[in-house]
Amino acid sequence: AYGLYARWWLAARTVTLHPAPRLLGPNASGPGLSPDLFWGSYRPQVYFGMKTRSPRSLVTGLMWMHQLEGDIRLRHTCEQSDGLPRYGWLLHDGVHFGVQELRDVGLSLQTEFVKRPGGRHGGDWSWRVTARPERSGPQAPFVSLLFYVATDGQGALQPQVKEKSRMASLTGVTEELGHFTITFQPPTSETGTPLYASYNYLDAKAEGLHRLSDVVKASLAPRFSFAPPGAPKRRYFGVDTYRIAPGGVQPRSQLLIHQVTVSLPCRLEVVFESGSFSERTERLAGEALTGALDRHAAAFERRFEETFGLAAKGYSLQEQRFARAALSNMLGGMGYFFGRSLVQSPHAEQPQLYPEGPLFTAVPSRSFFPRGFLWDEGFHQLLVARWDPALSREVLAHWLDLMNAEGWIPREQILGDEARTKVPSEFLVQHSSAGNPPTLFLTLRQLLAQGQADGNFLRSIFPRLQSWYDWYNQTQTGPLPYTFRWRGRDQDTRLFLNPKTLTSGLDDYPRASHPSPDERHLDLRCWMAVVSAVMADVAARIEAPAEEYRRMAETLADNQLLDQHHWAEALGTFADYGNHTSAVALERERLRPPPPGQPLPSPRLLRIVRKPPALQFVGGALGYVSLFPLLLELLHPNSPRLGNLLADMRSEKKLWTPFGLRSLSRSSPFYLKHNTEHDPPYWRGPIWLNINYLAVRALHHYGQLEGPYREQASALYRQLRANLIGNVFRQYQESGYIWEQYNDSTGRGQGCYPFTGWSALVVLMMAEEY
Ligand code: 6A9
């Protein structure tokens, strides 16, 4: 009976939040305490939309339709399958305004927003959408722009319909916004001349925010016609009526849509006015809006140069524009999510619901992964902290508040229905024994270096940092003192060429072929060395006991002990240790022919082991993991190992490419190998920007320290930095995007796009901010 009770208690603890006082009180993000950050483009998963930082926020957004004959092409959420030639923020300061370009086939849109503080509910904002024809692809005769406003379980909206079917404005009320008005200005040319247009509107109850695109599609009818003066009349699809299917779920949203069908080029403005804002003198539209946007853009450019100094460094205008876009997409990729994770505890039979909570975070990719990822975020904030350290503190606080009673933070945050619809169900569940590199400590170290983490802040986060640190030390230790091991590797050794280690963040990077408790993982040990040092610094600043952390940091960085645990003399490099053989391959299984009349089963690719594994250093895996003692600057500048790693880096047979460092040596038997039939190589060759940023930074570091490798490190620093910047810039010009990874033989962007998470660290490389 005690056993059962203990299991129940442990399972319950998994979904119990950490007992330390919350860093963000219930109203911390509300319009009273944080008015400037209340409204924002916090829906990075849609091409253009805004919401507030509150749990059941009103949302606003844009959809558009080409109205090509028989092919409406509804655009709404960012989808790679839409095939947009390029899109993203050109300017975005994270707080006040943003300018985005959306280049579609046949037309392009410029979407701009600017906020105006005032009143008690987060102030006003205005949008401007400018649509222009593009010569690429089939020309749409005209376009429909659909502006929508939707509630999420609270509040009410009232359309004000003028003329027939033109919703000129709406009024509304919600818990946190009070009363407000949204006005849809009539379309004009870019110079302000009124334009002919047709209008539709929809006022519907919908299942929820995750269903908005479906509601629109279901409501469309082709029975409307557009007849501008002097041009032939044409039919088009307009929003018409929508009813939830009988027996369907209770509606959670009220949805109002204002559809404008108009010829190109055209300009539309939308004005949100907060009821408690009484000092307003003029409406933020037309020339007033142009003025506000211009002022913000000029201020942004000045601040960008003050922060990163790229003009002073001699970068061309195009390169500066690219860097501004990279930063802007990082900031414009910040989202506010609310909901609960699904968590599997080893002590529970079923996944459990994690407590509900908010997350303010940047996302790696607006199209493919528009949600929070723990170790990505530590990299994101290295850039954001330079621009706006207060934003980084907010983000850090949100992540730390998601910690459970054990000191664990879920790695991937899939919060709310909108986020869930993007993730296949088999990927929803987070495992409470799964870690991820604690890169938020890098963010913290950065804030400390900038003098942007004062005593109060540090004292408030310290209990959570301690628990987080303890969690790694209690659950991810290795077989020997001062060694570490990622838990949660793939267990089935037959299905994978090499069982993955998703928790490390390096997914399919080759590790010991046969997962076992004997493993020692080099990357995790190095992370823990850095984290221990940051803990010691934080403790010292707030006069908490720091000796234990300092001692741990020193021991983990002790170059002799590091050698003992991870230097593989026979391989000539640092390595993981474990039960390993490199003699593995995937082969098609041979199946006995089925009895006559039975269908032919399809044979799987299965792993065969040609030579049994043995406890040893993991061979055939030279790559990012081997570099960690250098990447995290643990090696003494006199260490001969530094010389070894620099040589491996510079070798074109191993890690060097004209585009950056590849993840896995060209000489590795795993280089560019599939892991299963359906898993193409991921961290087995391609160039990743986060690790390359660490490499550039470390080379810069060793280039400054006295020692035998100083010159070599400096030279590599200059070359690697130039290669990375040159390639990411070139690919951006050519393809329109910043990418998840880059091909190691051609430099081409690959994986998902746009990926302006850690790939945007190229800005810091340009600025030489480390
Ligand atoms: C699976 C597919 C519609 C993989 O950038 C986020 C992470 C990194 O943290 C990690 O290091 N990416 C890297 O190896 C992307 C992970 C995406 C998993 C989503 C579900 C749904 O697609």
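It should be emphasised that the depicted structure is a prediction, and the values quoted were computed from it without experimental measurement. Keep in mind that the numbers below use all heavy atoms, side chains included, and drop hydrogens, waters and symmetry copies. For ligands, and for the atoms within them, numbers begin at 1 and follow the listed sequence.
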> Just to confirm my output: which protein heavy-atom neighbour is closest to atom 4 (C) of ligand 1, and how far is it?
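Residue, atom and distance for the closest contact: Tyr682 OH, 3.2 Å.
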> Have a look at Tyr737 and tell me which of Phe755, Tyr732, Tyr87 forms a ring pair (Phe, Tyr, Trp, His ring centres under 6.0 Å) with it.
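By the ring pair (Phe, Tyr, Trp, His ring centres under 6.0 Å) criterion, Tyr737 pairs with just one of Phe755, Tyr732, Tyr87: Tyr87.
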> Quick check on the 6.0 Å ring-centre criterion: do Trp399 and Phe360 meet it?
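They do not qualify: ring centres at least 6.0 Å apart.
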> Say whether Gly757 and ligand 1 are in contact under the criterion: heavy-atom distance to a ligand atom below 4.0 Å.
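False for this residue.
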> For the residue pair Tyr693 and Tyr770, categorise the inter-ring angle as parallel (less than 30°), tilted (30 to 60°) or perpendicular (more than 60°).
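The rings of Tyr693 and Tyr770 sit tilted, inter-plane angle from 30° to 60°.
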> Please work out whether any backbone atom (N, CA, C, O) or any side-chain heavy atom from C-beta onward of Tyr509 is under 4.0 Å from ligand 1, and answer side chain, backbone, both or neither.
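Tyr509 to ligand 1: no contact under 4.0 Å from either part.
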> Verify ring-ring contact (aromatic ring centres under 6.0 Å, His included) between Phe659 and Tyr742, making sure each step is shown before the conclusion.
CA-CA 8 Å; Phe659 320 108; Tyr742 292 86; 9.1 Å; no
> Using non-hydrogen atoms of the residue, decide whether Arg371 is closer than 4.0 angstrom to ligand 1.
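Right, Arg371 reaches ligand 1.
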> Quick one: which of Arg511, Arg684, His521 gives a side-chain contact (heavy atoms from CB on, under 4.5 Å) with Leu506?
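Exactly one candidate clears the test, Arg511.
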> Kindly identify the option in Trp375, Phe427, Trp758 whose heavy atom sits closest to atom 20 (C) of ligand 1.
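Of the listed residues, Phe427 has the closest heavy atom.
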> Applying a 4.0 Å heavy-atom criterion (strictly less than), which segment of Ser365 is in contact with ligand 1: side chain, backbone, both, or neither?
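Neither part.
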> Looking at Asp376, which atoms of ligand 1 are within less than 4.0 Å of one of its heavy atoms?
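Matching atoms, with element in brackets: 5 (O), 6 (C), 8 (C), 9 (O).
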